[in-house]
Structures are given as C-alpha cells and as structure tokens.
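Have a look at the structure below before the remarks.
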There are 2 protein chains.
Amino acid sequence: MVTVEILAIGNELLIGDVLDTNTNWIIKKITGIGGQVNRSVILRDNLDAIATEIQSALQRKTEVIFTIGGMGPTVDDMTLAAIAQSINQPLEANKEAIAFVNQKYQEFAKKGYVDDSKMTPPREKMGILPMGSIPIDNPVGAAPAVISKVKESTIISLPGVPRELKEIFENTLQPILKEKFGEIFFLEKVAIVDSKDESVIAPILNAVSQKNPQVYIKSRAKNFDIDAKFKVTISCCSSFKKEVIQAINKAIQDLRQELGNAGISLDYIE
Amino acid sequence: MVTVEILAIGNELLIGDVLDTNTNWIIKKITGIGGQVNRSVILRDNLDAIATEIQSALQRKTEVIFTIGGMGPTVDDMTLAAIAQSINQPLEANKEAIAFVNQKYQEFAKKGYVDDSKMTPPREKMGILPMGSIPIDNPVGAAPAVISKVKESTIISLPGVPRELKEIFENTLQPILKEKFGEIFFLEKVAIVDSKDESVIAPILNAVSQKNPQVYIKSRAKNFDIDAKFKVTISCCSSFKKEVIQAINKAIQDLRQELGNAGISLDYIE
C-alpha cells in the first residue's frame, strides 16, 4: 500500500479557532483509493517546525506527503519556504506559477473579486516555489497547488481553504493520484454486535483477526449503557475486487461464529 | 507559556471513520487557560510509532503531553505500553488502578451495563500502567486516566470516547491543570475587514504585528468572491488581565489606522 502522511499548517488550528476537517476529508479519499495514511500532524506557522516535520516524513520514505495550508500571500504562510529548506532547494520565482497567479488576479479583477489586477510582492509570493517544484492549477483560488518530488517521495502542497483544496484534489490532481495509487479496491463493512461490554468482545476480535490477517478488524469504544451495542468495522484493500469481497465475507462468517460461541449475536451488517 | 502537544491514537481516525473532534476540544480548553499547543498528531495503533512520537515530545521538553485513546481492553489499545516503552519503565499491575476498574465493573453490573462484574484479563489490562504512573478517576468509563511524570514533562493519558475525555478533563483533572497552568488570562477579538483580497491586507497585518509583538494577529484565508470580507483574529495571553486588554486595544487601534491609510475600513469587532 502507498504510504501517506498529512501535515496541516496554521496557528488557527492550534488555538482552536478552526476545527481541521481538511485532513479527515483527504484521509477518506486516500483510504478509498487504497492508500494508507500512517500519520497526520497539525503544526503552527513556524518555519523550522514545518521543515523538520517534512524531513522526518522523507526519512520515513513516505511515498506521498500532503501539506495543507500556508500557501497564501501573508508572511505567516511559509509552507513552500519550509519545503525548500527540507529538500535543500532554493526558492525561486517559478515562471509558470507567476503567470498563473497573474492570470488569476486578472480574472478576479474582471469579476470584481479584487480591486485591481497588478502584481504586487504578496501576490508574487504565491508563485515563488522551491526550485524544481511544479505548480498545479487551482480552479478557484489564486495560489497554485505545488508538487515537489524528492527521491521516492512526492510532496503535494494544497491550500487550506476547504473549497480550493477539494476542487484541486477532485480535478487537477487526479492524474497524479492515478499514477501514484493505481486502481485499488477498498471495502469496509460495519457489524453491529449485541454486547454492552468491549472487554468481552476483545478476545473474540483478536481471535478473528489472527484467522484473517488480510482483513482489518476494529471495535469502536463507546459509553457504557444499559442498551449499548458495539460497532465493529471490518475492512480490506487489494488490487482485486473479488479477493476483497471474499476476505471480508470470510471474516464476517468467522466473527459471527466466534460471537455465537460466546452467546453474543451479530445483529446486522451495514 | 506552558507548551503542550497532543497525540490522538487510533486507526479509525486515519482511515477516516471518525473525525477527530477531541483534539480541537482540548486545544480550545488549553488556549483558554493560557497554554500553547505547539503540535498535534494522529497516529495508528502501532506501538513503536506511538512510543517514538512520545519520545520526540519529551526531547522537545514539552511540558504537558496529552495522549487520547488506546486505553481500553482490546489488544490494539496500546497507549500505556507505548508510554512505558518511551519512558523506560516496565508495565505493572497498579493496585489502585486495578481496584478502580474492579469497582467500576461492579457498578456497571449493578446498573445492567455489563453481564457480570468479575475481573478478566481484558478488564485487568486497563489497570496495568507504566511503573510510577498514577491513575485518575474516570467518572463515566471503566478505564482510569493516567498521569506519567518524566523530568520536566507530564503525560496525561485520556480515553478516546468523547464523553469520558470531557468528564475527566472538566472534573478530576482540574487540580493537575491548575497546578500546571496557573491563572492565565487569554483574550481574542475578531476584526471584520472590508477587503476582498488577502494580498492587499498582508503587508498591513505584517506592519501591525511588528508594532505589537505581544499580540498575535492572523488573517483567515477564504474563497475569493465579490463581497468577501476578511476575518482577522487578534489574540493575547498573559497573567495580567489588564495587560492583555490594553495590548489588544492598542493592536486594534493600530490595525484600524493602517487599514484606514490604505483606504480599507475595519467594519466591526466581534
């Protein structure tokens, strides 16, 4: 499985002004195309902290590293400078990126989104990339997304405004994602188990997991209550759809049997 | 300011089944009592990854490290084992914690939440702590929270079920938080700025920030639109309430003036 890490950047996330929903959105997408997100981090707008984190991800030979946020015109937007530092490349005005930003402000001025279209240092900043990095079209914002390749890793830098991030991911990023992740099939089922007590189903899940190493089985902890039921997720991922379906069905069959042996019913499968 | 890091643990977070709202909840609380959250991480249920992350936080001399999740009876709940590994302590059955879990299952059995109250290995697991760690009352769940002190750092391990986490934080954890954070005053104001274009206000915010180093000023990037307005947050934190209010007022005054010089109005303050 292609390994993925996500780095969301911005003080607003770490003082609690903003709940980070971007990371969860990307995690779902990556899981759906068969990638494995190993880790996600939120950092403040601090150049060294961001650069150190990217270096760590590169040292772990993470195949795809997403950065979210810190791509705008303000001084505290420093994602690209941190990437440059972490991959030992100078920052340079990227002709294509500058032309992109310029074009965007001309469009925005026509639409009345901004007062004028002239390039200023804060606007130009969004076209200054680590040398060798590539700008990617942002269908709705002014700052291009940026791809930086280093050895076995690809760093994909997306803006933090949710609408921009989603538009880029769903549109201009698709060819790169297809190339990286190929065609993978992911399936997840949720079993509703009629037990109030996770400590009772713990050894059962463990036994079923050992019998089905290809399948990932996990119970969801919840409040104790008189009518509590547990959700158990059973998921599997492979290039072969048939293999995934067979593995999930086999694990559910084993789970139903082991639960039955302990006098617990598997109510239904979602 | 007391430095804080948060580590949320659980595959369910990194396959996208669950949006992590616990971290944001704790961040808000910590910001409110004057702590500075420098970083938050989500990791999978992997012993070495969790232990390595805790070690990194300790190396950064982080004063308070929160772990969230991985405290339950299942085999994939391994937070306490990871802490033991990261602080070089063996795991041991903690008498007080075992008695706590035992007591809880007796209560749960009486209420009909579980079928019987007898201690089993999965239940006992929740009372096995790193040597020297201290269990803290969990008013609603079976697993105690755990405090582990190492040199200048305090690791606070909370369960991942939101209701349990919140009850512990608001109740049994308060004396420890008061001891760590003291009495701190935090204030944040939001200025609504009548500008559609972050690239125009970027240099203004920079100038105001330089004039007001004690105050933290940040614009919130958003979609381009014909009637877009920018939110600018202005926040400050100190042991002295009067100092905080004066600093915020001074920064708002400077912001209003600098914006005015550029022909931009500060619409209102929230």
Side-chain angles (χ1 to χ4, degrees), chain A residues 11-12 14-21 23-24 27-28 31 37-44 49 72-76 108 111-115 120-123 140-142 159-161 163-164 188 196-200 202-203 205-206 216 218-226 228 233 235, chain B residues 11-12 14-21 23-24 27-28 31 37-44 49 72-76 108 111-115 120-123 140-142 159-161 163-164 188 196-200 202-203 205-206 216 218-226 228 233 235:
Chain A
N11 289 14
E12 69 273 32
L14 287 176
I15 60 175
D17 267 0
V18 177
L19 169 69
D20 173 22
T21 55
T23 294
N24 180 258
I27 286 172
K28 281 183 186 164
T31 303
V37 182
N38 280 332
R39 165 190 180 90
S40 76
V41 182
I42 304 177
L43 288 182
R44 296 177 86 91
T74 58
V75 174
D76 59 1
F108 292 160
K111 289 179 181 164
Y113 293 0
V114 298
D115 290 335
T120 59
R123 291 176 180 177
V140 287
V161 177
R163 196 176 144 225
E164 294 186 31
E188 181 183 274
K196 290 168 282 190
D197 184 359
E198 200 182 13
S199 75
V200 169
L205 298 185
N206 200 24
Y216 175 62
K218 190 171 171 83
S219 65
R220 182 90 50 78
K222 56 177 296 179
N223 297 331
F224 283 92
D225 202 343
I226 196 152
T233 56
S235 60
Chain B
N11 289 14
E12 69 273 32
L14 287 176
I15 60 174
D17 267 1
V18 177
L19 170 69
D20 173 23
T21 56
T23 294
N24 180 259
I27 286 172
K28 281 184 185 163
T31 303
V37 183
N38 281 332
R39 143 193 197 98
S40 77
V41 182
I42 305 177
L43 288 182
R44 297 177 85 93
T74 58
V75 174
D76 59 1
F108 291 160
K111 289 179 180 164
Y113 293 0
V114 298
D115 290 335
T120 59
R123 290 177 180 177
V140 286
V161 178
R163 197 177 143 224
E164 295 186 30
E188 180 182 275
K196 290 168 281 188
D197 184 359
E198 200 182 14
S199 75
V200 169
L205 299 185
N206 200 25
Y216 175 61
K218 190 170 171 84
S219 65
R220 182 91 49 78
K222 55 178 297 180
N223 297 330
F224 282 92
D225 202 344
I226 196 153
T233 57
S235 60

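The basis for the numbers below is simple: all heavy atoms, side chains too, and nothing from hydrogens, waters or symmetry mates. Just so it is clear: chains get the letters A, B, ... in the order the sequence lines come, proteins before strands, and each one is counted from 1.
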Problem set entry | Under 4.5 Å from a heavy atom of chain B, the part of A:Val41 involved | both
Exercise. Taking A:Arg44 for the side chain and B:Val37 for the main chain, is one N or O donor matched with an acceptor at less than 3.5 Å?
Worked result: yes
Exercise. With respect to B:Thr31, which candidate in A:Leu14, A:Asp17, A:Ile15 satisfies the side chain to side chain contact (heavy atoms under 4.5 Å, CB included) definition?
Worked result: A:Ile15
For this session: Work out which heavy atom in A:Ala202 is nearest to a heavy atom in B:Pro73; give both atom names and the distance.
Result: CB-O, 3.7 Å
Exercise. Of the backbone (N, CA, C, O) and the side chain (C-beta and beyond), which part of B:Asn206 lies under 4.5 Å from a heavy atom of chain A, both, or neither?
Worked result: side chain
Problem set entry | Pair B:Glu12 + A:Arg220: basic N to acidic O under 4.0 Å | no
Exercise. Looking at B:Leu205, B:Asn38, B:Val75, which one has more heavy-atom pairs under 4.5 Å with chain A than the rest?
Worked result: B:Asn38
Exercise. What's the spacing between A:Ile42 CD1 and B:Asp20 CG if we round to 0.5 Å?
Worked result: 7.5 Å
Exercise. Checking heavy atoms, do the side chain of A:Ser40, its backbone, both or neither come under 4.5 Å from chain B?
Worked result: both
For this session: Heavy-atom pairs under 4.5 Å with chain A are the metric here; pick the option from B:Asp225, B:Thr233, B:Thr120 that has the most.
Result: B:Asp225
Exercise. Within a radius of less than 6.0 Å around CG of B:Asp115, do more than 12 heavy atoms belonging to other residues, nucleotides or ligands occur?
Worked result: no
Problem set entry | Toward chain B, the part of A:Ala49 with a non-hydrogen atom under 4.5 Å | neither
Exercise. Heavy-atom distance under 4.5 Å to chain B: side chain of A:Val200, backbone, both or neither?
Worked result: side chain
Exercise. Between A:Asn223 and chain B, which part of the residue has a heavy atom less than 4.5 Å away: side chain, backbone, both or neither?
Worked result: both
For this session: Work out which heavy atom in A:Arg123 is nearest to a heavy atom in B:Ser199; give both atom names and the distance.
Result: NE-OG, 2.7 Å
Problem set entry | Nearest-0.5 Å distance, NZ of residue A:Lys218 to OG1 of residue B:Thr74 | 6.0 Å
Exercise. Considering only heavy atoms, which portion of A:Val140 lies under 4.5 Å from any heavy atom of chain B: side chain, backbone, both, or neither?
Worked result: backbone
